[in-house]
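Before any comments, here is the structure.
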Amino acid sequence: MSEITSRYVPGEVEDKWYQHWKTKGYFHSVPDERESYSIVIPPPNVTGVLHMGHMLNNTVQDMLARKARLDGKNVCWVPGTDHASIATEAKVVKMLREKGIKKSDLSRDEFMSHAWEWKEKYGGIILNQLEKLGASCDWERTAFTMDKVRSESVIQAFCDLYEKGKLYRDYRMVNWDPEAQTVLSNEEVLYKEEKGKLYHLRYQIEGSKDEYITIATARPETIMGDSAIAVHPDDPRYLEMKGKKAIIPILNRSIPIIFDNYVEMDFGSGALKVTPAHDINDYEIGKRHSLETIDVLNANGTISDAGQILVGMDRFKARKAIIPMLEDIGHLIKTEDYEKNVGRSERTNSIVEPRLSLQWYVDMKSLAKPALDAVESDEVEFFPKNQKNLYRHWMENIRDWCVSRQLWWGHRIPAYYYKEDVYVDVSTEGAFAKAKKDHPNITMTDLKQEEDVLDTWCSSWLWPISCFHGFQSREELDYYYPTAVLVTGWDIIFLWVARMIMSGYEWEGKRPFKDVYFTGMVRDQQRRKMSKSLGNSPDALKLISDFGADGVRFGIMSSSPAGGDLLFDEKLCEQGRNFSNKIWNALRLVKGWEMADVDQPVENKLAINWITQKLNEVVQSVEDDFNQYRLSEATMTLYNFIWNDFCSWYLEMIKPPFGEGIDKESLESTIQLFENMMIILHPLMPFLTEEVYHLLDEREDGDDCIIAQYPSANEVDKDLIKGVAGIQSIIGKVREVRASKGLKQKEKLTLLVESKEEIEKIYSHPGAIQLVSKLAYLGEFKDTTNFPEEGVSFMADNRKFFVPLELEINVEEEIEKLTKEIKYAEGFLQSVAKKLSNERFVNNAPEQVVANEKKKQSDGQARLKILKESLLKLQA
RNA sequence: GAGGCAUUAGCUCAGUUGGUUUAGAGCGCUGCCUUGACAGGGCAGAGGUCACUGGUUCGAGUCCAGUAUGCCUCACCA
């Protein structure tokens, strides 16, 4: 035993086994005759580093993958990263700026080579970090959304959609990120209430001396873009304004006063300045009234030449600057505080600007139907179920997807323009050939390829197909597709779960995965989302080095039901570490036993039978939990079984007396059990279990826990389990007597039971008496009709027991205890009697239920009788 | 504004088609325990009228309606 340390030290163990698994190729999959179990990783950002959310997400995937592997399936977990257009481009631009290089000074190709350089250097750190967590990904298949296979897929998909008429180009109001200088989809804009101001400005009525109309605006810097003032047609205040015009202050340009139902009379002044180029609603009004659209902002958020004043100034500086100007000429009436819902770019956090521009769109309505049906019918099953509501709501109100992004880092849209014509093709040559048909005289240089790239999600939504080269060949796809499960956060249900399902039906006519497991958000103790800015996110790698990967995995899984938030606390990891240590020490104990040439004690036989049944029970329940993705329950089931049943009960049951050896059969059974226990725990705690598995026994090359055979769920002998539960309750009661009377373990007690018949009930499991005697530290255990005067009685398993004691008994205390128990028993009986005295219950309830109530009654009565007798005796 | 989800022990959560001894777990808490696998431990204990009000039912933590509180999604008013 001396060679095994008293504490489990995870560090070396983890590196050692991870390397071993990799070397042995256990993570690598090739199609064969076995059933496939494939998972594609939700690709993390190349710019990312491992955080709590990844740890949760990937621990779940690894647990599922390892379980499936143990079940004998051909597991293929494909890792990878996505290129994250906006985030990465922003990082690269920043890096270049620090080196004194401006993006605008670079050609597209030059920029791309810098970006690739950056990606090679920093991208993929996160994948290495996943190894520390124990992720059993098939690293030979590592994919990247911009590698050759994935790029081809994206381009092909684009062309295919175009051919099918599901793609179009349109001039629309979009969400513009002035910092990244690109369009954002609705899903990439985050809204939050922010403090702002509402400015009341007066516009003079044209042709009048001192007649004004006052509007309220949050964006005075856009007055240069005004093309009308709108009021509600029923607003009595403004009826006489019909046909009149107002003059924009400072600019002195006149604009019409129009009437539109959109305006709310009781907001602000009831008059709205209409700036069609800078507000989605104003744009709609502008269309209805054929107003001029004056774009007063540049792409970078500064005032454009069209603004005439403050040209070149940033939009927020301009807002500050224009206020005194308006004030000076007396046109600022008042300023009020105002809570405004402000949209910010998810990536750059800059305030999103509504902007009119020409973009590419996917017609989502044509794609949505099969994807909605699939989830409604559970062909794609959601865990937890309630996410279906969210999904349905979005799908039924779906909007077209703007897929173009004004960036360079990404897949350049394969659209080529010649004058007014558009040619879409996977290759420049193909597009040229198409163009040539219409315009026989054009040359290659006349054809201009679209400058924009595709939204990153255009890659992600193809992931389950593209990871298996589905756009290139069927070979692997037919084997691995559909994948088994997608594990992801509910926050990106629209960004990619929905779209993956759409693409699955669009190109494969089949679901991309059978199940979707939604993880919750990782939050801190105050339920705040973990974020960099709050600084409440623990360092993932430090956690692993502090508690071991297994400890962290345990901590994450033990408190994380599907869809439920994980309120993270280091204590959870500590619990995991302690659990590792507990198992470790159980190993030390078992390995410390010397085999002795003795017969197997009868209680050992009972103990082994019992723990075997308990294991059966656990295997069944864990199986069930996995099927329903109740992973945190599986975690707790394993924890309780190993800690309580195995360590606290079983090992104590069969532990040989100090200094003595153990019989061969018991030792071998125990090792066998221990081994099975490690296998079922392996998906949760892979490193520790592999280490223990190898320390338990000499293993041949290739006999590893990771690929061992998962124990089958045998039938459970419930009677035996119930019998031993009875034994345990007797032991518990004796311990309670000891604890309450301050008796030490060394003092052997005598335990009496009233009748022979009853003791025989206990005997009905051979070894029962011995077990009680051993674990309750009894000197004697016998039946008698004659209880001595001095001692304590208790009820266990509906029988009366008595521990004779020489010491002074606090009679009052005992009476109080008994009275309490009697009161409970009476209350219990009353509730049962109430049911049984109800005719309708007896007549209507199933026989089984009534019979059970009757048994409850007779048991309760028997118990009450004994308790009352004991009380009488004490009071005598 | 539209819709959804939740409310069970101090905290975080189970409680599967209504019935299995008047509710379970983990953590935390309290008491006792130092030579023996483990103090990163052992044994025992306390702690809940299942948010509230009605209803359906022989029977409700579980089903229905309403109320309150909290959370979320979508859409949004300058």
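Order of the sequence lines fixes the chain letters, A, B, ..., with proteins taken first and strands second; residue numbering starts at 1 for each chain.
- The existence of a salt bridge linking A:R219 and A:D279 is excluded, since no basic side-chain nitrogen approaches an acidic carboxylate oxygen closer than 4.0 Å.
- As judged by a 4.0 angstrom heavy-atom cut-off over every strand, A:R735 is placed among residues touching the sugar-phosphate backbone only.
- Applying the ring pair (Phe, Tyr, Trp, His ring centres under 6.0 Å) criterion to A:F794, with sequence neighbours excluded, gives A:F801.
- Contacts between residues 846-858 of chain A and RNA chain B, counted as heavy-atom distances below 4.0 Å, involve A:P846, A:V849, A:N852, A:K855, A:K856.
- Between A:K744 and B:C32 there is no side-chain N or O to OP1 or OP2 distance below 4.0 Å.
- One P atom belongs to B:A39, the other to B:G47, and the distance between them is 31 Å to the nearest Å.
- For residues 191-201 of chain A, the set of pairs meeting the salt bridge (Lys or Arg N to Asp or Glu O under 4.0 Å) definition, not counting sequence neighbours, comprises A:E194-A:R344, A:K197-A:D337.
- Taking atom P on both B:A25 and B:G45, the two are 11 Å apart, rounded to the nearest angstrom.
- Residue pairs satisfying the ring-ring contact (aromatic ring centres under 6.0 Å, His included) criterion with at least one member in residues 554-590 of chain A, sequence neighbours excluded, are listed as follows: A:Y8-A:W584, A:F554-A:F579, A:F554-A:Y639, A:F579-A:Y639.
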key: Dot-bracket pairing map - RNA chain B, Watson-Crick plus G-U, both contacts under 3.5 Å, | cross-strand   = (((((((..((((.....[....)))).(((((.......))))).....(((((..]....))))))))))))....
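- Taking A:H331 as the reference, A:Y212 meet the ring pair (Phe, Tyr, Trp, His ring centres under 6.0 Å) condition, with sequence neighbours excluded.
- Within the structure, salt bridge (Lys or Arg N to Asp or Glu O under 4.0 Å) pairs that include any residue of residues 841-858 of chain A comprise A:K835-A:E853, A:E853-A:K856, A:K855-A:D859 (at least two apart or interchain).
- For B:G28 and B:U53, the P atoms lie 35 Å apart once the distance is rounded to whole Å.
- A sub-4.0 Å separation between OP1 or OP2 of B:A44 and a side-chain N or O of A:S740 is absent.
- OP1 or OP2 of B:U22 has at least one side-chain nitrogen or oxygen of A:Y824 nearer than 4.0 Å.
- Proximity of A:K655 to the phosphate of B:A37: a side-chain N or O atom is located under 4.0 Å from OP1 or OP2.
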remark   = Protein heavy-atom contacts under 4.0 Å, written 5' to 3' over nucleotides 9-16 of chain B as B (base), S (sugar-phosphate only) or - (none), form the string ---SSS-B
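- A donor-acceptor pair is defined here as one N or O able to donate and one able to accept, closer than 3.5 Å; such a pair exists between the side chain of A:R738 and the backbone of A:K744.
- Across all strands shown, A:R399 has heavy atoms under 4.0 Å from sugar-phosphate atoms exclusively, and none from any base.
- Evaluation of the salt bridge (Lys or Arg N to Asp or Glu O under 4.0 Å) test over residues 562-583 of chain A, restricted to residues two or more places apart or in two chains, returns A:R523-A:D565.
- Nucleic acid contact class of A:G860 (heavy atoms, under 4.0 Å, all strands): none.
- Every residue meeting the side-chain contact (heavy atoms from CB on, under 4.5 Å) condition with A:D235, not counting sequence neighbours, appears here in chain and number order: A:H232, A:R237, A:Y238, A:M265.
- Other residues, nucleotides and ligands contribute over 12 non-hydrogen atoms within 6.0 Å of the CD atom of A:E339.
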Detail all sub-3.5 Å separations between protein N/O atoms and N/O atoms belonging to nucleotides 27-29 of chain B.
unit_1, atom_1, unit_2, atom_2, d
B:C27, OP1, A:Y639, OH, 3.3

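- A centroid separation of 6.0 Å or more is found between the aromatic rings of A:F518 and A:F383.
- Nucleic acid contact class of A:D859 (heavy atoms, under 4.0 Å, all strands): base.
- Residue pairs meeting the ring-ring contact (aromatic ring centres under 6.0 Å, His included) criterion with at least one partner in residues 822-862 of chain A, sequence neighbours excluded, do not occur; the list is empty.
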